[in-house]
Amino acid sequence: MGAQIHSYLMSEDARGQANFYIESLGGKIQFLTTFGETPGTPEAMKDKVMHLALTVAGMNTLMISDSFEPVSYNRSISLALTYDDESEARKAYAHLSEGGESKYPFALQPWGAYYGEVVDKFGVTWMITKQ
């Protein structure tokens, strides 16, 4: 029996974060459920995202939910994207850098691959590689 692992991000703005990733990496929202779809949800929570799944950068699934607590990311977990095409990798790096912080410029590395690392404007660390 096998299992799949998916990235699931808690967010202070799940819709905005999802749209940023769609604009930056290409993709679309597969489905979105709000807390308002659950009976008995307080009015203030009804528009909050309970579960949002999107595909980005091809067929990669990323899931996001609104959090009711402050969100803080740390650099011990990163999302890694590996591209076959250098121009696509550069474009992803540039888009994800908008409003964020470039940790390592996207450049040819001593091991022969192109690599760059960015913390996006939501605090998520992305490692972009072109093999």
Side-chain angles (χ1 to χ4, degrees):
M1 190 91 185
Q4 293 182 344
I5 189 168
H6 294 285
S7 301
Y8 204 114
L9 304 175
M10 301 308 293
S11 178
E12 293 177 8
D13 178 14
R15 283 184 180 93
Q17 194 165 353
N19 288 329
F20 175 73
Y21 295 147
I22 290 167
E23 291 171 13
S24 298
L25 303 171
K28 66 180 184 174
I29 293 174
Q30 295 300 316
F31 60 90
L32 186 153
T33 305
T34 66
F35 284 97
E37 295 173 49
T38 303
T41 300
E43 194 64 37
M45 293 175 52
K46 287 192 175 191
D47 289 336
K48 296 287 186 182
V49 173
M50 182 170 32
H51 182 69
L52 183 153
L54 65 150
T55 53
V56 293
M59 296 303 296
N60 301 289
T61 301
L62 183 60
M63 296 181 218
I64 304 176
S65 179
D66 279 319
S67 176
F68 294 100
E69 299 176 3
V71 173
S72 66
Y73 295 104
N74 65 54
R75 297 202 5 99
S76 65
I77 295 177
S78 301
L79 300 180
L81 286 173
T82 302
Y83 286 87
D84 294 327
D85 182 81
E86 181 186 341
S87 65
E88 285 183 43
R90 284 186 184 283
K91 188 166 115 177
Y93 181 88
H95 287 303
L96 290 169
S97 296
E98 292 173 9
E101 179 186 0
S102 174
K103 298 304 277 186
Y104 300 103
F106 188 80
L108 184 60
Q109 302 300 317
W111 63 85
Y114 284 84
Y115 175 82
E117 193 171 311
V118 62
V119 178
D120 72 27
K121 67 183 180 180
F122 295 96
V124 176
T125 301
W126 294 83
M127 298 174 1
I128 310 294
T129 305
K130 187 283 178 189
Q131 293 291 8

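Here the side chains of E101 and K121 are not in contact, with every heavy-atom distance at 4.5 Å or above. No side-chain heavy atom of L81 sits less than 4.5 Å from a side-chain heavy atom of V56.
Within the structure, every pair that satisfies the side-chain hydrogen bond (donor to acceptor under 3.5 Å, both in side chains) test and touches residues 122-131, not counting sequence neighbours, is listed here: D120-W126. Sequence neighbours left out, the pairs with a member in residues 52-89 that pass ring pair (Phe, Tyr, Trp, His ring centres under 6.0 Å) are F35-F68. Sorted by first and then second residue, the side-chain hydrogen bond (donor to acceptor under 3.5 Å, both in side chains) pairs involving residues 56-71 (not counting sequence neighbours) form an empty list.
For the residue pair I64 and A14, the shortest heavy atom distance occurs at CG2-CB, 3.5 Å. The two residues R15 and L32 have their closest heavy-atom pair at NH2-CD2, 3.9 Å. Between A92 and L25, the shortest heavy-atom contact is CB-CD2, 3.6 Å. Smallest separation of non-hydrogen atoms from D13 and S11: N-OG, 2.8 Å.
Between L79 atom CG and S7 atom OG the span is 4.5 Å, to the nearest 0.5 Å. Expressed to the nearest 0.5 Å, how far CD of E98 lies from OH of Y93 amounts to 12.0 Å. Within the model, atoms CG of L54 and CG of L62 stand 5.0 Å from one another, a figure rounded to the nearest 0.5 Å. The structure places OG of S72 at 9.0 Å from CD of E12, a figure rounded to the nearest 0.5 Å. Atom CD of E23 is separated from atom NE2 of H95 by 9.5 Å, given to the nearest 0.5 angstrom.
Partners of D85 under the side-chain contact (heavy atoms from CB on, under 4.5 Å) rule, at least two apart in sequence or in another chain, are S87, E88. Residues meeting the salt bridge (charged side-chain N to carboxylate O under 4.0 Å, His left out) test with E86, sequence neighbours left out: R90.
Neither Y21 nor M127 shares a network with the other; the hydrophobic side chains, linked directly or stepwise wherever heavy atoms of I, L, V, M, F, W or Y lie under 4.5 Å apart, form separate groups for each. Following chains of ILVMFWY side-chain contacts shorter than 4.5 Å, one cannot reach V119 starting from L96, and the two form parts of different hydrophobic clusters.
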Sequence neighbours excluded and cut-off under 3.5 Å, please list the side-chain donor-acceptor pairs for residues 45-53, or say none.
from, atom 1, to, atom 2, distance (Å)
H51, ND1, Y8, OH, 2.6

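Y115 and E117 form a side-chain donor-acceptor contact under 3.5 Å, judged by distance and modelled atom types alone.
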